[in-house]
> 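Supplied in structure tokens, the structure appears directly below.
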Amino acid sequence: MTDQKILIIGSGFAAAANLIHLVEAGIKPSKITIVGPGQLGRGNAYGCDDDDFRLNVRANLMWIWPDRRDDFGNWAKTHIKDDKDAMRRSGMFYRRRDFGRYVASRVDAVLAGANEHDNTIIHYPQIVTKLGRMDQGGWQAECSDGRLIKADLVLLATGNPPPQWPCPIHGEKAQLLELENRLVQNSWNGQWLDHLPAQSRLAIIGGGLTALDAVIALARRDHQGSVFLLAPHGSLPPEQADWVKQAPPTWPDAPRPSKILRRFRSYLPGLPPEDPVWQQAFEELRIDINQQWQALSDRDRRGLMRRLGWLWSRYRYRAAPQTIAAANRLQQTGILEICHARLGAIHLEMAGDDAPLRLELHDAKTGARHLAVDHVINCTGVGHDPLFANLVADGIGQPDAFGQGLRVNQQNEVIDPKGQAITTLLLVGPAMASSLGDVVAASEISLASMRVAARLAS
């Protein structure tokens with residue numbers, strides 16, 4: 001396997017982790033090609049330009065190697081000198097872009113440690129638009145610039161796709177182009193903040209970590225205009241506490257959605273979610289949750305997500321203390337209003353820089369209502385990977401239980417429409433969650449990359 005040509009599709013953390021563990025397992029860097037935009041290791045999550053976009057977990061949970069869990073923290077002590085706000089009682093919460101710098105440095109170090117005559121990888125900063133089988137075996141990838149790349153084995157490590165608008169936008173095409181800076185579809189890089197007048201009224205769509213990134217950045221800039229945060233459940237995630245995970249609880253022998261729900265209800269203590277004891281219990285439930293998930297049928301997975309999905313999203317992705325403090329400050333000054341509402345549509349009724357954007361809301365308290373704002377910031381994080389869709393349409397992969405990604409087995413092999421594993425098409429990254437469970441953390445992606453690398457190098 002080590003003499004095969006390997007193509008890694010993606011350039012974020014998942015791609016970098018795969019590269020690092022492949023090279024450390026003995027695969028020559030010259031056999032690896034990477035296709036993905038930007039600097040390797042940053043991606044959408046860590047390619048942020050804004051200083052206020054922070055990791056939502058402590059530094060010691062962001063690791064590439066299980067036996068070097070303090071590596072990022074140790075690197076930060078030497079290389080991060082300008083982040084006095086990182087330290088909190090519950091741990092060190094560094095900036096997202098600094099973690100991206102760390103990952104890039106570890107890629108460079110691993111390549112430098114390879115054979116000096118064979119330590120260069122090929123990285124094309126493009127996007128793979130199509131992937132197909134070749135008649136003689138192997139794969140051919142078509143890039144956004146028309147380049148064709150052939151490989152024996154492909155690792156899909158595309159990460160989270162850029163978000164799409166969660167609702168229709170009504171207006172002329174010319175209006176959409178004219179208002180591009182006021183309708184921010186992808187807020188992850190933070191560049192939209194440079195074009196935002198301090199007195200503007202804006203709506204933030206979403207109530208999770210991306211929305212909180214926007215809130216803390218606005219607070220730091222002393223934004224004065226009204227900010228309406230449209231949260232589906234009317235509240236923000238709890239703040240990360242200084243929990244310490246202990247032993248996992250027992251789970252039912254024959255997993256069913258009802259049994260999993262009862263276990264959650266009986267195991268979580270009657271304390272606020274901000275309490276360290278509550279968060280410790282929640283983290284203990286996560287230890288073996290993947291085994292329960294993988295034992296469920298597709299129907300049961302969908303049913304469980306309908307009943308537990310909102311709770312999981314809210315409490316699994318808790319917020320850094322800095323972001324919660326910023327949100328509280330803006331609420332106290334009356335600038336930030338958290339609305340228990342969903343966005344039904346955006347209406348562009350007039351042309352011009354001063355024309356208001358009219359939002360059609362479904363408010364939990366008042367029912368249908370409208371809201372006029374100057375800017376709309378999409379922080380939902382909801383997106384679809386067109387490459388995955390093409391693989392399904394071309395009869396190569398099989399859609400997952402939710403029709404959003406690709407089905408994979410426990411060896412991270414993509415499953416074809418006949419239910420057979422494709423041993424030369426692997427997926428490592430957040431998209432494997434629908435098949436394998438709670439595997440989106442950096443540590444889980446690193447472990448999957450290690451397993452794949454060990455198997456390919458054997």
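Throughout, numbering of the chain's residues begins at 1 and tracks the sequence. It should be emphasised that the depicted structure is a prediction, and the values quoted were computed from it without experimental measurement.
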> Looking at every heavy atom in both E24 and W65, which two are closest together, and how far apart are they?
OE1-NE1, 2.9 Å
> Would R42 and Q39 count as having a side-chain donor-acceptor pair, cut-off 3.5 Å?
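Q39 and R42 do have a side-chain donor-acceptor pair below 3.5 Å.
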> Can you name the closest pair of heavy atoms from W243 and Q280 and give their distance?
CB-N, 3.7 Å
> Are D83 and R54 within salt-bridge range, i.e. N to O under 4.0 Å?
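Answer for the salt bridge query: yes.
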> Salt bridge or not between D363 and K365? Use side-chain N to carboxylate O under 4.0 Å.
no
> When you compare the side chains of Y267 and E284, does any donor N or O come within less than 3.5 Å of an acceptor on the partner?
yes
> Mind checking whether Y46 and F13 have parallel, tilted or perpendicular rings, split at 30° and 60°?
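The arrangement is perpendicular - the two ring planes meet at more than 60°.
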> Between R407 and D298, does any side-chain N to carboxylate O distance fall below 4.0 Å?
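Salt bridge flag = yes for D298 with R407.
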> Tell me which pairs pass side-chain hydrogen bond (donor to acceptor under 3.5 Å, both in side chains) where either residue lies in residues 10-23, with sequence neighbours left out.
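Matches after skipping sequence neighbours: none remain.
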> Without placing hydrogens or testing angles, list every side-chain donor-acceptor pair under 3.5 Å for residues 226-237, not counting sequence neighbours.
{"from": "S235", "atom 1": "OG", "to": "R314", "atom 2": "NH1", "distance (Å)": "2.7"}
{"from": "S235", "atom 1": "OG", "to": "R314", "atom 2": "NH2", "distance (Å)": "3.4"}

> Are H375 and R182 close enough that a side-chain donor and a side-chain acceptor fall under 3.5 Å?
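Result is no, nothing qualifies.
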> Any side-chain heavy-atom pair from I34 and I8 closer than 4.5 angstrom?
yes
> Which residue, L391, V428, V408, forms the side-chain contact (heavy atoms from CB on, under 4.5 Å) with L156?
L391
> With sequence neighbours excluded, tell me which residues meet salt bridge (charged side-chain N to carboxylate O under 4.0 Å, His left out) with D194.
none
> Could you tell me which residues satisfy salt bridge (charged side-chain N to carboxylate O under 4.0 Å, His left out) with D222, sequence neighbours excluded, listed by chain and number?
none
> If you take all heavy atoms of D275 and A241, which pair is closest and at what distance?
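In terms of heavy atoms, the two residues are closest at C-CB, 4.4 Å.
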> Would you find a donor on one side and an acceptor on the other, under 3.5 Å apart, between the side chain of D374 and the backbone of R201?
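Indeed, once roles are kept as given, a pair shorter than 3.5 Å links the two residues.
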> May I ask you to decide if P66's main-chain N or O and R69's side chain share a donor-acceptor pair within less than 3.5 Å?
yes
> Nearest heavy-atom pair of D71 and R106: which atoms, and what distance?
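Minimum heavy-atom contact is OD2-NE, 2.8 Å.
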> Can a donor-acceptor pair be found, under 3.5 Å and without considering hydrogens, that links the side chain of T380 to the backbone of P163?
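It does not hold such a pair.
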> To the closest 0.5 Å, what do you measure between CZ (R318) and CD (Q240)?
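Interatomic distance, R318 CZ to Q240 CD, rounded to 0.5 Å: 4.0 Å.
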> For Q126 and C143, which heavy atoms make the closest approach, and how far apart are they?
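Shortest heavy-atom separation between Q126 and C143 comes out as CB-CB, 4.1 Å.
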> Just by distance, do the side chain of T323 and the backbone of A319 share a donor-acceptor pair under 3.5 Å?
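Side chain of T323 to backbone of A319, a donor-acceptor pair under 3.5 Å: no, none is there.
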> Determine the sole option in R96, R221, Q191, R220 for which the side-chain hydrogen bond (donor to acceptor under 3.5 Å, both in side chains) test with D50 is passed.
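Among the candidates, only R221 passes.
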> Report yes or no: does D98 contribute a side-chain atom to a donor-acceptor pair with the main-chain N or O of G100 at less than 3.5 Å?
no
> I would like to know whether Y94 and F72 meet ring-ring contact (aromatic ring centres under 6.0 Å, His included); could you show each step before the answer?
CA-CA 10 Å; Y94 289 106; F72 173 45; 5.5 Å; yes
> For M432, does its backbone N or O pair with a side-chain atom of S435 as donor and acceptor, under 3.5 Å?
no
> For F53 and A214, which heavy atoms make the closest approach, and how far apart are they?
CE1-N, 4.4 Å
> Can you name the residues that form a side chain to side chain contact (heavy atoms under 4.5 Å, CB included) with T158, not counting sequence neighbours?
I9, D385, F388
> Please list, chain by chain and in numerical order, all residues satisfying ring pair (Phe, Tyr, Trp, His ring centres under 6.0 Å) with F282, sequence neighbours excluded.
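Partners of F282 under the ring pair (Phe, Tyr, Trp, His ring centres under 6.0 Å) test: W278, W312.
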